[in-house]
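Chain letters run A, B, ... following the sequence lines, proteins first, then strands; residues in each count from 1. The model shown is predicted, which means the values in this text are computed figures rather than measured ones.
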Amino acid sequence: MLADGEAAELPALVAGFERLRPRWVWSDTRRWAPQLLAAGVRVERCHDLRLCGAILEWSTDAEASRAEHPDRPLWLARGPAELAADATPGATPPSAGAAVPADRPALFELDELERHDDRDAAGGASDRFEGATPHQLAGEHDRQLAIVAGSARPARLRLLLAAESAGALIGAELSAAGVPWDAATHDRVLADALGPRPRPGAKPARMEELAARVRAELDAPTLNLDSQVDLLRGLRAAGIRVDSTARWELREHDHPAIAPLLAYKRLARLLSANGWSWLETWVVDGRFRPDYVPGGTATGRWATSGGGALQLPKQIRSAVIADPGWTLVVADAAQLEPRVLAAMAGDLRMAEAARGRDIYRGIVDAGVVAARDEAKVALLGAMYGATTGESGRLVPRLARGFPRAMALVDRAAAAGERGARVTTLLGRSSPLPPATWRATQARATEPEATAQDERRARSSARDWGRFTRNFVVQGTAAEWALCWMAGVRSRLAQLGDVGERADASPPATASGPVFARRPHLVYYLHDEIIVHTPAELADEVALAVRDSAAEAGRLLFGEFPVDFPLDLAIVPSYAEADG
DNA sequence: TGGGCCCGCGCC
DNA sequence: AAAGGGCGCGGGCCCA
């Protein structure tokens with residue numbers, strides 16, 4: 001750990017070096033970026049050793065090269081004192097002309113890799129550093145670069161590592177800036193739906209009324225609607241034949257208790273997930289600051305640990321309101337995953353169907369299916385591995401129309417069923433199935449295997465096949481989104497600060513020292529972003545967002561003729577953008 | 001009392 | 001309209 005005195009000097013030191021536009025190499029962005037941002041220092045680019053190491057650990061593209069670099073990491077602490085020694089005398093930040101090459105990495109001290117990376121249930125990265133001796137940061141960086149250089153597709157991996165690291169910076173910046181949130185509007189939404197805020201321990205009035213009606217209709221005066229067990233028993237006792245209390249199953253039944261029950265469940269969800277206590281916990285000083293976990297899922301999509309930022313219900317998005325004089329630029333990539341599939345499969349016919357705005361309409365126009373809804377269901381089924389129902393019935397039609405795209409996902413599924421890894425376009429590899437999965441497969445091949453053993457094995461093989469089928473598409477879409485967002489980030493940085501003109505928007509001080517006077521990303525949801533910007537820059541921001549989308553397409557797919565249209569809106573409130 | 005599981009449901 | 005993939009989270013509930 002840094003000594004206190006050194007930690008205090010860190011932001012100024014980093015800010016000084018930043019003028020040389022280095023790529024910072026550090027252990028973990030989550031560990032370093034927040035304190036820098038809090039001190040008003042933004043870093044342009046970095047190499048996140050933890051995230052990049054996790055990618056390279058499993059990359060099948062890098063397999064051969066990894067074998068040539070088997071050394072265990074060995075961390076050597078390098079503190080700010082040594083960092084400063086590279087600079088002009090003392091701890092004075094160097095001027096732009098100082099003799100430090102722009103691409104020379106600056107080194108941060110690291111005593112041990114943090115390891116909340118337990119994505120690999122199959123075992124791997126998390127025990128990799130177990131008991132490792134302290135080790136040189138630069139050595140680990142060199143090791144990672146060597147793996148990339150010796151890999152099958154170094155340019156793609158390099159792009160992936162840069163995008164992943166940019167994502168890590170963005171994650172920290174989103175939390176630092178926060179989503180502008182109007183607590184009064186949120187409270188109004190809650191009160192309209194639930195009734196006034198109840199006393200602690202009491203249920204909102206609307207929920208109590210609905211619960212009473214359900215109990216009356218079921219003739220179960222003491223029924224606890226919040227208990228799944230109790231509720232299931234109550235429904236059955238009233239003659240409603242259900243196997244669960246899930247909404248989609250309840251909807252199938254015609255009974256006077258169902259409507260108030262569904263209404264109750266909807267309100268209960270709102271209250272527990274985004275009610276008044278959520279508001280008090282997560283919205284401070286007019287900003288919602290969730291804790292993002294970039295690269296937190298197997299496919300490379302982000303996760304959150306706290307705040308539930310990736311599940312913001314549409315119901316409360318009206319509380320996302322730009323500061324006075326500011327506005328929101330809300331953009332999402334329309335039908336991202338099918339477009340990604342078409343491009344990565346090199347399926348020209350599917351890309352053609354996707355050109356313009358609506359790929360589902362395009363599939364109908366190509367004569368593959370008769371109706372837009374059928375196209376949608378078939379395409380989702382192809383990407384998710386549907387085998388039954390309408391979706392399963394339509395998938396073969398899709399396969400005839402777009403054999404290349406279908407072959408790509410079918411190959412991925414077949415690999416998964418064998419227990420093999422699959423890889424995204426840029427080189428992120430899927431985890432291996434857990435040991436229990438292998439045991440299930442092995443059992444079915446034994447001489448004394450029963451029919452049930454075989455059924456179980458086939459079923460779990462298909463389960464894993466659906467995962468890998470979806471992995472390649474979802475993971476590559478996540479890569480597109482990372483590149484998009486990284487492009488937006490760097491373009492916004494070039495727009496710079498709004499000046500001190502009398503007619504300029506006032507600073508958004510709650511966004512923190514780095515972002516108070518400049519457009520900045522505030523939200524990211526898989527294929528959607530929100531930029532909070534001074535109103536006078538909104539058009540420039542929109543252009544930056546569109547340019548970045550086009551650039552992301554070229555970065556991943558070169559000149560392959562696929563486009564990634566955006567639904568983009570410049571609005572004061574998130575609720576006014578079409579979801 | 002706290003950890004871990006299941007359920008249900010919000011988002012993509 | 002449902003069913004295929006990925007998640008997080010809160011509540012209930014069981015068990016130590």
Over 12 foreign heavy atoms within 6.0 Å of CG, A:D192: yes

Taking atom types as modelled, is there a side-chain donor on A:D291 or A:S305 under 3.5 Å from an acceptor on the other? yes

A:R301 and A:E337 ion-paired at < 4.0 Å: yes

What nucleotide, of C:dA3, B:dC11, C:dG5, holds the atom closest to the side chain of A:F467? C:dG5

Output yes if the stacking criterion (under 5.5 Å between centres, under 30° between planes) is met for A:Y384 over the base of C:dG4, else no. no

Cation-pi check, A:R349 onto A:F402 ring (under 6.0 Å, within 45° of axis): yes

Gap between atoms CH2 and P, on A:W248 and B:dG10 respectively (whole Å): 15 Å

Between A:R247 and B:dG10, is there a contact of a side-chain N or O with OP1 or OP2 at under 4.0 Å? yes

Calculate the interatomic distance between A:E337 atom CD and C:dG5 atom P; express it in whole Å. 13 Å

Which is true for A:R251 with a 4.0 Å heavy-atom rule: it touches a base, it touches only sugar-phosphate, or it touches nothing? sugar-phosphate

side-chain contact (heavy atoms from CB on, under 4.5 Å), that's the test. Do A:V329 and A:I530 meet it? Break it down for me. CA-CA 6 Å; A:V329 177; A:I530 302 179; over 6 Å; no

chi for C:dG11 classified (syn = within 90 degrees of 0, anti otherwise) as anti

Counting any heavy atom closer than 4.0 Å, what does A:G307 reach on the DNA or RNA strands: base, sugar-phosphate only, or nothing? sugar-phosphate

What contact category does A:E249 fall into here, base, sugar-phosphate, or nothing, at under 4.0 angstrom with non-hydrogen atoms? nothing

Mind checking the OG1-CD spacing from A:T327 to A:E576? Nearest 0.5 Å is all I need. 9.0 Å

What N/O pairs connect the protein and nucleotides 12-14 of chain C at under 3.5 Å? Give each pair on its own line.
unit_1	atom_1	unit_2	atom_2	d
C:dG12	O3'	A:S227	OG	3.4
C:dC13	OP1	A:S227	OG	2.3

Please state whether the phosphate of B:dC12, meaning OP1 or OP2, lies under 4.0 angstrom from any side-chain nitrogen or oxygen of A:K314. yes

Tell me if the aromatic rings of A:H186 and A:W282 count as close, with their centers under 6.0 Å from one another. no

So what is the end-to-end bend of the helix from B:dT1-C:dA16 to B:dC12-C:dG5, with 5 pairs used at each end and the value given to 10 degrees? 0°

Where the side chain of A:A246 is defined as all heavy atoms beyond and including C-beta, which of B:dG8, C:dC7, C:dG6 is the nearest nucleotide? B:dG8

Regarding A:T423 and A:S429, do their side chains bring together a donor and an acceptor under 3.5 Å, going by distance alone? yes

Under 4.0 angstrom, heavy atoms only, what part of the nucleic acid is A:V473 near: base, sugar-phosphate, or nothing? nothing

On DNA chain C, nearest-nucleotide positions of A:E252 versus A:T304: which is more 5'? A:E252

For a quick check of understanding: with a heavy-atom distance under 4.0 Å over all strands, which category does A:E390 fall into, base, sugar-phosphate or nothing? base

Can you tell me the distance, in whole Å, between the OH atom of A:Y292 and the P atom of B:dC11? 15 Å

Rounded to whole angstrom units, what separation is found between the CG atom of A:L225 and the C1' atom of B:dC7? 15 Å

Start with the C-alpha gap between A:R554 and A:E551, add the side-chain angles, then the distance that decides, and say whether salt bridge (Lys or Arg N to Asp or Glu O under 4.0 Å) holds. CA-CA 5 Å; A:R554 283 193 302 275; A:E551 182 186 53; 5.5 Å; no

Can you check the A:L341 CG to C:dG5 P distance for me, whole Å? 17 Å

Measure from CG on A:L310 to P on C:dC9 and round the result to the nearest Å. 9 Å

Can you check whether A:R466 has a side-chain N or O nearer than 4.0 Å to OP1 or OP2 of C:dG5? yes

Looking only at side-chain atoms of A:T245, point me to the closest of B:dC7, C:dG5, C:dG4. B:dC7

Distance-only polar pair, side chains of A:S227 and A:N224, donor-acceptor under 3.5 Å: no

Does any residue of residues 255-286 of chain A have a heavy atom under 4.0 Å from DNA chain B, and if so, which ones, in number order? A:K265, A:R269

Heavy atoms from other residues, nucleotides or ligands near CG of A:D547 exceed 12 (cutoff 6.0 Å): yes

Mind calculating the distance between CD (A:Q311) and P (C:dG6) to the nearest angstrom? 15 Å

Under 6.0 Å between the ring centres of A:Y574 and A:W181? no

Between atom CG in A:L525 and atom P in C:dG6, what is the gap in whole Å? 17 Å

Here the gap from A:R489 atom CZ to A:L482 atom CG, rounded to the nearest 0.5 Å, amounts to 12.0 Å

